[in-house]
There are 2 protein chains.
Amino acid sequence: MSESAVTSGTSNGMSRREELLAVATKLFAARGYHGTRMDDVADAVGLNKATVYHYYASKSLILYDIYKGAADFTVDALHDDPTASARETIYHFTRRLLVGIASDIERAAVYFQEGPYITEWFTEEQVAYIREKETQVYEHVRDVIDRGIASGEFYACDSHVLALGYIGMTLGSYRWLRPHGRRTAQEIAVEFSTALLRGLIRDETVREHSPLGVEVDADTSA
Amino acid sequence: MSESAVTSGTSNGMSRREELLAVATKLFAARGYHGTRMDDVADAVGLNKATVYHYYASKSLILYDIYKGAADFTVDALHDDPTASARETIYHFTRRLLVGIASDIERAAVYFQEGPYITEWFTEEQVAYIREKETQVYEHVRDVIDRGIASGEFYACDSHVLALGYIGMTLGSYRWLRPHGRRTAQEIAVEFSTALLRGLIRDETVREHSPLGVEVDADTSA
């Protein structure tokens, strides 16, 4: 295969490297990282093994790319407007997280399925990068709950425990969220946020009439 | 090794078979099922491989015992008093689930970590048994939310989506719940239930003063 064939884009607009990553993600999600060989990746993407190694010098570098993409996405999804109310912020977190997960279920599945074992395959620096992002995600959620408590918007509660519960509820949705399911990711975000925020907001009128802090049209993904 | 040595109890009161199951659970949780060999199990429990096979004819039968134990426990934890209020029922579900998970984190970890791959290792009947229990768990939670909606105790909401979120929040706690952590499983159950139930309960007085439907002394695991 010529170098130009290796580096040129594919018919669906993805680069070969992106295509390789997408195919490997599907295989890892279905069979596990341990149960997938580089030969399987090469076969599935229709390249010879040498070409696969041109892009990724090892299988663990493919897994790290999947991990880094998922971790960076999650931190970005929690980008925060510090002037917004805590309830609005939590709603926007939830919406962006669920829409993002629905757009790449397999990446989220690989991330959570392989989590217990990454220290076996990643370098210390790679592990440290992922752990740092995970800490940022937890702290972002905890801090916005604390902000709501401090301003009197939310009831006093254990923001540490609720942040962990929130992460389980939202990120754990990769197990059942389907891009073309009965409810869209946007609609599910509204359901989750409404139930959770009604439980946190102190002011009775706000709680009844605008628990999300914004007008929501569930038909749009604004 | 004599048959009596094989079948006698061990010093900590567990039978050899229970000890073998506990050791295998720890190994599967740490290294993954795929990454653990029967030799590793035999070494870790201090038995020869033939003795291990005396108890479990295959590695997959050990995994199935772990799965069946976790699935049966979860369905039992959702045993329901149909005369109780929906809020009380949800609080008791949460308490029993979290206390149970905290008592055997590794079993819960194996259950969730290996979930995507069980069809590779289990017979169709074994998979059907596990799936049936998982459906029961989901339906139990959904039905109690529906009961609360029907009686006017809860706001109208999508009980399907909220049941899935509830399962992610509670069962997903195996990732961070620690038996000797800063907060007990019982305390975490109170935090989760209070936030969630305050979000579901319609009556303002109930919501403010007894969202769990029962008096809770967080120092007891009553």
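Quick caveat, the model's predicted, so the values are computed rather than measured. Here is the naming used below: chain letters follow the sequence lines, and residue numbers restart at 1 for every chain.
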*How would you list, by chain and number, every residue that makes a side chain to side chain donor-acceptor pair (under 3.5 Å) with Thr36(A), sequence neighbours excluded?*
none
_Please evaluate residues Arg202(B) and Glu208(A) with respect to the criterion salt bridge (Lys or Arg N to Asp or Glu O under 4.0 Å), reporting the C-alpha separation (whole Å), side-chain torsions for both, the decisive distance (0.1 Å), and the verdict._
CA-CA 10 Å; Arg202(B) 294 178 65 180; Glu208(A) 278 290 341; over 6 Å; no
*In terms of heavy-atom pairs under 4.5 Å, which option from Gly32(A), Gly172(A), Gly35(A) contacts chain B the most?*
Gly32(A)
*List the steps, then state whether side-chain contact (heavy atoms from CB on, under 4.5 Å) holds for Arg198(B) with Arg198(A).*
CA-CA 7 Å; Arg198(B) 272 194 189 134; Arg198(A) 272 193 189 136; over 6 Å; no
Interface residues of [range] facing chain A - heavy atom cut-off under 4.5 Å:
| range | answer |
| --- | --- |
| residues 140-171 of chain B | Tyr155(B), Cys157(B), Asp158(B), His160(B), Val161(B), Leu162(B), Leu164(B), Gly165(B), Gly168(B), Met169(B) |
| residues 125-139 of chain B | none |
| residues 109-123 of chain B | Phe112(B), Gln113(B), Glu114(B), Pro116(B), Tyr117(B), Glu120(B) |

*Which one, Arg182(B), Arg183(B), Arg207(B), leads in non-hydrogen pairs under 4.5 Å with chain A?*
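When all of Arg182(B), Arg183(B), Arg207(B) are compared, Arg207(B) has the most.
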